[in-house]
Amino acid sequence: MIEHPLKKIPLLNPSHPNKSTGIINGQTSGILNWNDLRYPQMYDLYQTLLSNFWKAHEINMQDDVKAWGQLSDIEKDVFLRINTQLAALDSLQTPTMSEVMNYVTDSSFKAIFAVISQQEAVHNESYSYILSSLIPTDEQNARFNEAKNDPIVNKRNQFILDYYQQFKDDPTPLNLFKLAISSINLEGIYFYSGFAFFYHLATHQKMLKTSTMISYIQRDEMQHAYFISQFVRILMSEQPELNTEANIQFIYDTIKQAVELEKEWAAVILKDIEGINLEEFNLYLEYLANKRFRQLGLDNGYPERDNPMPWIHVFSDEMMNDTKSDFFEQKSRTYTKVSSSNGFDEL
Amino acid sequence: MRACLIYTSITGNTKAVMEMIYDALNQSDITPQLIHVRDLAFETLPSYDYLIVGTYTFGNGDVPREMMPLYHYLSQTDLRHVRSAIIGTGDRFYPYFCGAVDRFVEPMQQQSDLRVTLKVELYPEQKDRDKLPRLIASLTK
């Protein structure tokens, strides 16, 4: 079964129930009633995704246009390379999520894949918007072409692309599982060198409008990685044939491979950025991967460790509203310490 | 002495933490009961010696929908004779890590004897298990 291609189902099957019998190979009418779901928690997830809605043009880039001149040549180059590299990653996500949408047989999952696909399109636009605010058109185009021909970027993208293409060519449940794990690698591991760089600039009060957009993107990507990890867990419990030692090993192997490729990319792209310690960033990636393993219901794949770079996180409302204050300061938050200043103990 | 452990969970993270606490209490002289919030009979709460609330966090640091009836009940009911704890799971990449725990602090500090809070990142790790003796000590001291 898990190696037989999935069929695209007809749009409407009036004799089948609205509440689907499975996320793949299920029976479903095709009519979505959010109050009659096999997995009701998907409605909350859908709501959260929608409440994240934003668009690039809401963010005025004027401050960043001024700040751009204060960046060093190295910072400018890294900024542009990371920007187009992230754009390349997000370009893959919009069509891939739509591809998956064609084969899932639960209407609520179809709707969520549609929203994710839309959000990836917004991300894509935001990278173009950032570039168009900062550099002339011919340089923008050159930068996008550069991303296409960068051998390190290609090597890491290829690792994802192969699994995406495999599903496109042969849409079996097994290939869908591999696509989903690769999507977690893309959204949950590959973005973080970029996030580190932009938040690092923000901690020095530089390019805050860009990092505001990056923060919106991170918030979206976190929901996507969470959804896909839930999708994988449901897929494996509905299709016990997928729940094999070999596939668990596949998860460990591919996430660890993604971490290695991210370390390799970070070693190139972040090596001249003062203030980001690469050894620390490598540990950060392992902490990050551990979170992905646990989200998938597995044990940590790396030794347990604390977050060595707690400043890489989504901005709070206070940070968004008051970008001049010290909210961005690069300091460890004190959450690991026990405090009882409020009259109770905080562990 | 009896403890009521009330929780909600989607991914199983909060449930796992609450089960850890349940097992730890079972090793002590406290008799714990683990109850999903949808199965809770609110009127039984004043009869317990300990109340432990476990919740995940949703959206922008929000209390999950199914926990709101409990939140309102705790805001309005005098449980100052009950020693309490708030337990949460969440993700540190969000600005309001385990925000639902912080939301429960105000009503539970005013209306019960709030002793301790515990925040856990996703599925519990060894460092979280290591905190259990301190959690119980804070509740019972």
Side-chain angles (χ1 to χ4, degrees), chain A residues 39-45 47-52 188 192 195 215 218-219 221-223 225-226 229-230 233 287-288 290-300 303-307 309-320 327 333 335-336 338-340 342-347, chain B residues 8-13 16 56-62 64-66 83-99 101-102 105-106 108-110 112-139 141:
Chain A
Y39 299 99
Q41 69 270 30
M42 289 302 146
Y43 188 49
D44 290 324
L45 194 95
Q47 293 285 357
T48 306
L49 283 170
L50 286 197
S51 67
N52 284 356
Y192 281 76
F195 291 160
S215 169
Q218 186 189 4
R219 191 178 62 180
E221 297 299 356
M222 283 171 61
Q223 284 296 326
Y226 167 70
S229 67
Q230 292 299 102
R233 290 170 74 165
Y287 153 83
L288 180 66
N290 276 345
K291 288 174 66 161
R292 302 301 168 218
F293 290 124
R294 301 210 304 290
Q295 279 182 321
L296 287 162
L298 301 175
D299 292 331
N300 285 340
E304 182 176 324
R305 55 176 108 260
D306 277 327
N307 181 356
M309 296 182 157
W311 45 273
I312 304 175
H313 70 90
V314 174
F315 293 173
S316 66
D317 297 341
E318 292 83 353
M319 293 165 83
M320 298 276 192
F327 287 119
R333 284 179 293 173
Y335 56 69
T336 48
V338 180
S339 110
S340 52
N342 298 318
F344 55 89
D345 298 332
E346 294 175 79
L347 302 182
Chain B
T8 182
S9 190
I10 289 185
T11 60
N13 295 340
Y56 64 94
T57 293
F58 219 75
N60 193 25
D62 296 331
R65 228 176 341 152
E66 66 274 20
R83 297 174 179 183
S84 66
I86 314 169
I87 315 298
T89 59
D91 192 324
R92 292 209 155 95
F93 289 0
Y94 287 105
Y96 310 109
F97 173 54
C98 293
V101 170
D102 300 326
V105 163
E106 193 186 330
M108 288 183 65
Q109 200 167 21
Q110 283 175 8
S112 73
D113 182 4
L114 180 63
R115 295 299 187 91
V116 59
T117 59
L118 169 67
K119 295 180 176 183
V120 172
E121 185 160 41
L122 305 176
Y123 196 86
E125 298 180 281
Q126 188 56 44
K127 63 170 175 284
D128 305 306
R129 279 183 205 98
D130 293 343
K131 289 178 181 170
L132 292 180
R134 265 149 65 202
L135 179 88
I136 293 178
S138 299
L139 270 172
K141 76 185 170 205

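Chain letters run A, B, ... following the sequence lines, proteins first, then strands; residues in each count from 1.
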Chemist: Sort out for me which of B:A85, B:S138, B:G61 touches chain A most, counting heavy-atom pairs under 4.5 Å.
Modeler: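 Result: the option with the highest number of such pairs is B:S138.
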
Chemist: Taking the six-membered ring for Trp, is the centroid-to-centroid distance between B:F93 and A:F195 below 6.0 Å?
Modeler: no

Chemist: Is there side-chain contact between A:Y192 and A:Q218, with at least one heavy-atom pair below 4.5 Å?
Modeler: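 Yes, side chains in contact.
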
Chemist: At a heavy-atom separation under 4.5 Å, does B:D62 approach chain A through its side chain, its backbone, both, or neither?
Modeler: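 B:D62 has no heavy atom closer than 4.5 Å to chain A.
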
Chemist: Look at atom CD of B:E66 and say whether more than 12 heavy atoms of other residues, nucleotides or ligands are closer to it than 6.0 Å.
Modeler: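 Yes - once you tally the heavy atoms of other residues, nucleotides and ligands closer than 6.0 Å, there are more than 12.
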
Chemist: For B:Y123 and B:G12, work out which heavy atoms get closest and say how close.
Modeler: CE1-O, 4.4 Å

Chemist: At a 4.5 Å cut-off on heavy atoms, which part of A:E304 comes close to chain B: side chain, backbone, both, or neither?
Modeler: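 Contact with chain B is through both the backbone and side chain of A:E304.
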
Chemist: Go through B:D128, B:V101, B:D91 and name the one with the most non-hydrogen pairs under 4.5 angstrom from chain A.
Modeler: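 The option with the most such pairs is B:D91.
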
Chemist: Heavy-atom pairs under 4.5 Å with chain A are the metric here; pick the option from B:R115, B:Q109, B:E125 that has the most.
Modeler: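 The option with the most such pairs is B:E125.
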
Chemist: Heavy-atom distance under 4.5 Å to chain B: side chain of A:L296, backbone, both or neither?
Modeler: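 Interface part for A:L296: neither.
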
Chemist: Does B:K119 pair with B:D102 as a salt bridge, N-O distance under 4.0 Å?
Modeler: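 Yes, charged N to carboxylate O under 4.0 Å.
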
Chemist: State whether the side chain of A:R294 and the backbone N or O of B:N13 hold a donor-acceptor pair below 3.5 Å, judged by distance alone.
Modeler: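 No, because the side chain of A:R294 does not come within donor-acceptor range (under 3.5 Å) of the backbone of B:N13.
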
Chemist: Under a 4.5 Å heavy-atom cut-off, does chain B meet the side chain of A:D44, its backbone, both or neither?
Modeler: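 Both backbone and side chain of A:D44 come within 4.5 Å of chain B.
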
Chemist: Please check this pair: side chain of A:R292 against backbone of A:A225, looking for a donor-acceptor N/O pair closer than 3.5 Å.
Modeler: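 Side chain of A:R292 to backbone of A:A225: no pair is present.
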
Chemist: Against chain A, label B:V120 side chain, backbone, both or neither, depending on which of its atoms sit under 4.5 Å from a heavy atom there.
Modeler: neither

Chemist: Examine whether an atom of B:L135 lies under 4.5 Å from a heavy atom of chain A, and if so say whether it belongs to the side chain, the backbone or both; otherwise answer neither.
Modeler: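 B:L135 touches chain A through backbone and side-chain heavy atoms alike.
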
Chemist: At a heavy-atom separation under 4.5 Å, does A:L45 approach chain B through its side chain, its backbone, both, or neither?
Modeler: backbone

